[in-house]
Amino acid sequence: MFLIVSASQPNTYIPVKHFFTSLLFSSPQLPFSETQKRAILNWARSLGAQNVPSLGSMKKCHTYLDSLVGNPTQQVTSRAGDIFYINNIAEAIAKDYANPLTRFAMKDYPEDGGEGMSQVFNGKKMLLDLPSPPAVRVDGTIYFTDELLQDNSGDYFIPECFFYASPPADSDGDDTELHEHADAKPLYALGRAVERTEAGFIVHDEQEIIPTSAFVRSFEDIAATHGELDCGLTGVLELVR
């Protein structure tokens, strides 16, 4: 049995035995040495398996697949003669997003893990020190950071950062499903409330957090409403502490 491995080259085939063996030997979670690969192939032949590929043909297959999909790892030799490898991070991330098996495990936003930390996206640096992902989609509408929006209470808000977090322990019953599925953490926005007055929009200096599910009107929607932005921006409202 053969597989077509390139849509741009429909007449190019690769044996299924080579394809699946290459998947096994290329597992990033379970790397195999050359000695281990040879031992596995010899073990399969000893058990009477038919059409077991040779290690040489597997190397050719792996090289061919690399030429089709690309290899994010590049070998670099230093001036001192040391050999090390560099991964193209952007290319590796793009491949993970394109892979249907890993796409839904990808995290698009940092996460506030509270006191605990188990992943890199739980860190304070990812949450507060680095630029936020620039946008979020809510009910089909895209909202951007540093743009005015309106929430379901009628208040205005300017988001500065988006992040995942566990719902508050005292949240209402609407979050029951979220509590039952701990991994499905809701998306929140850290930003500043904006007050619309006759003198103009006033931005509060204190940051606050609201759920992105409360977003109802984007800046485009607000700008499309005649006269809503005519009052302009007055400045920043500094609260007396």
Side-chain angles (χ1 to χ4, degrees), residues 3-10 12-14 16 18-32 58 61-76 84-114 116-147 149 159-167 177-178 181-191 209-215 218-220:
L3 290 177
I4 298 176
V5 294
S6 175
S8 61
Q9 304 177 35
T12 302
Y13 299 89
I14 185 173
V16 170
H18 286 75
F19 182 79
F20 286 110
T21 307
S22 181
L23 285 179
L24 172 64
F25 288 166
S26 303
S27 172
Q29 289 80 21
L30 187 63
F32 290 90
M58 287 307 308
C61 174
H62 186 76
T63 301
Y64 174 68
L65 291 176
D66 276 348
S67 67
L68 288 179
V69 302
N71 188 350
T73 303
Q74 297 180 349
Q75 179 178 311
V76 179
F84 57 97
Y85 296 86
I86 298 177
N87 286 330
N88 186 322
I89 302 301
E91 185 176 338
I93 293 175
K95 290 183 182 299
D96 284 336
Y97 271 106
N99 186 342
L101 299 178
T102 57
R103 166 65 187 92
F104 295 102
M106 301 293 288
K107 291 289 185 178
D108 297 324
Y109 303 94
E111 180 178 317
D112 182 1
M117 177 177 175
S118 61
Q119 302 291 339
V120 65
F121 51 79
N122 297 138
K124 180 180 178 181
K125 182 178 181 64
M126 292 288 291
L127 182 62
L128 300 176
D129 298 342
L130 297 180
S132 169
V136 62
R137 182 189 294 271
V138 179
D139 295 331
T141 300
I142 298 178
Y143 299 87
F144 292 92
T145 56
D146 301 322
E147 282 193 357
L149 60 82
E160 298 175 353
C161 175
F162 300 116
F163 64 97
Y164 290 110
S166 298
E177 184 177 350
L178 292 175
H181 303 281
D183 292 337
K185 295 182 178 180
L187 191 63
Y188 289 88
L190 174 68
I209 296 173
I210 67 173
T212 59
S213 59
F215 296 174
S218 67
F219 179 77
E220 289 186 355

message: When you compare the side chain of T212 with that of Y143, does any pair of heavy atoms fall below 4.5 Å?
response: no
field: Expected output: side-chain N87 to main-chain I89 donor-acceptor under 3.5 Å
entry: no
- request: With sequence neighbours left out, write down each residue that passes salt bridge (charged side-chain N to carboxylate O under 4.0 Å, His left out) with E220, or none if nothing qualifies.
  value: none
task: Check the pair I210, F215 against side chain to side chain contact (heavy atoms under 4.5 Å, CB included), reporting the backbone distance first and the verdict last.
output: CA-CA 9 Å; I210 67 173; F215 296 174; 3.6 Å; yes
query: Considering residues at least two apart in sequence or located in another chain, which fulfil the side chain to side chain contact (heavy atoms under 4.5 Å, CB included) criterion with F104?
result: none
message: Let me confirm one number: the CZ-OH distance from F163 to Y188, rounded to the nearest 0.5 Å.
response: 8.0 Å
query: Looking at residues at least two apart in the chain, or sitting in another chain, which of them share a side-chain hydrogen bond (donor to acceptor under 3.5 Å, both in side chains) with D146?
result: none
query: Residues in side chain to side chain contact (heavy atoms under 4.5 Å, CB included) with A94, at least two apart?
result: none
- request: Check whether any side-chain heavy atom of D108 sits under 4.5 Å from a side-chain heavy atom of F162, and report yes or no.
  value: no
task: Measure across K107 and Y97 and return the closest heavy-atom pair with its distance rounded to 0.1 Å.
output: O-OH, 4.2 Å
- prompt: Does I142 have any side chain to side chain contact (heavy atoms under 4.5 Å, CB included) partners at least two apart in sequence or in another chain, and if so, which?
  reply: A135, R137, F144
task: Taking all non-hydrogen atoms of both residues into account, name the closest pair between E111 and K185 and its distance.
output: OE2-NZ, 2.6 Å
field: Residues forming a side-chain hydrogen bond (donor to acceptor under 3.5 Å, both in side chains) with T21, sequence neighbours excluded
entry: none
task: For E147, check side-chain hydrogen bond (donor to acceptor under 3.5 Å, both in side chains) against everything at least two apart and list the hits.
output: none
query: Out of curiosity, L190 CG to T145 OG1, how far, rounded to the nearest 0.5 Å?
result: 11.5 Å
- request: Name all residues meeting the side chain to side chain contact (heavy atoms under 4.5 Å, CB included) criterion together with L101; count only those two or more places apart in sequence or in a different chain, and write none if there are none.
  value: N99
Shortest non-hydrogen contact between T102 and D96, atoms and distance: OG1-O, 2.7 Å
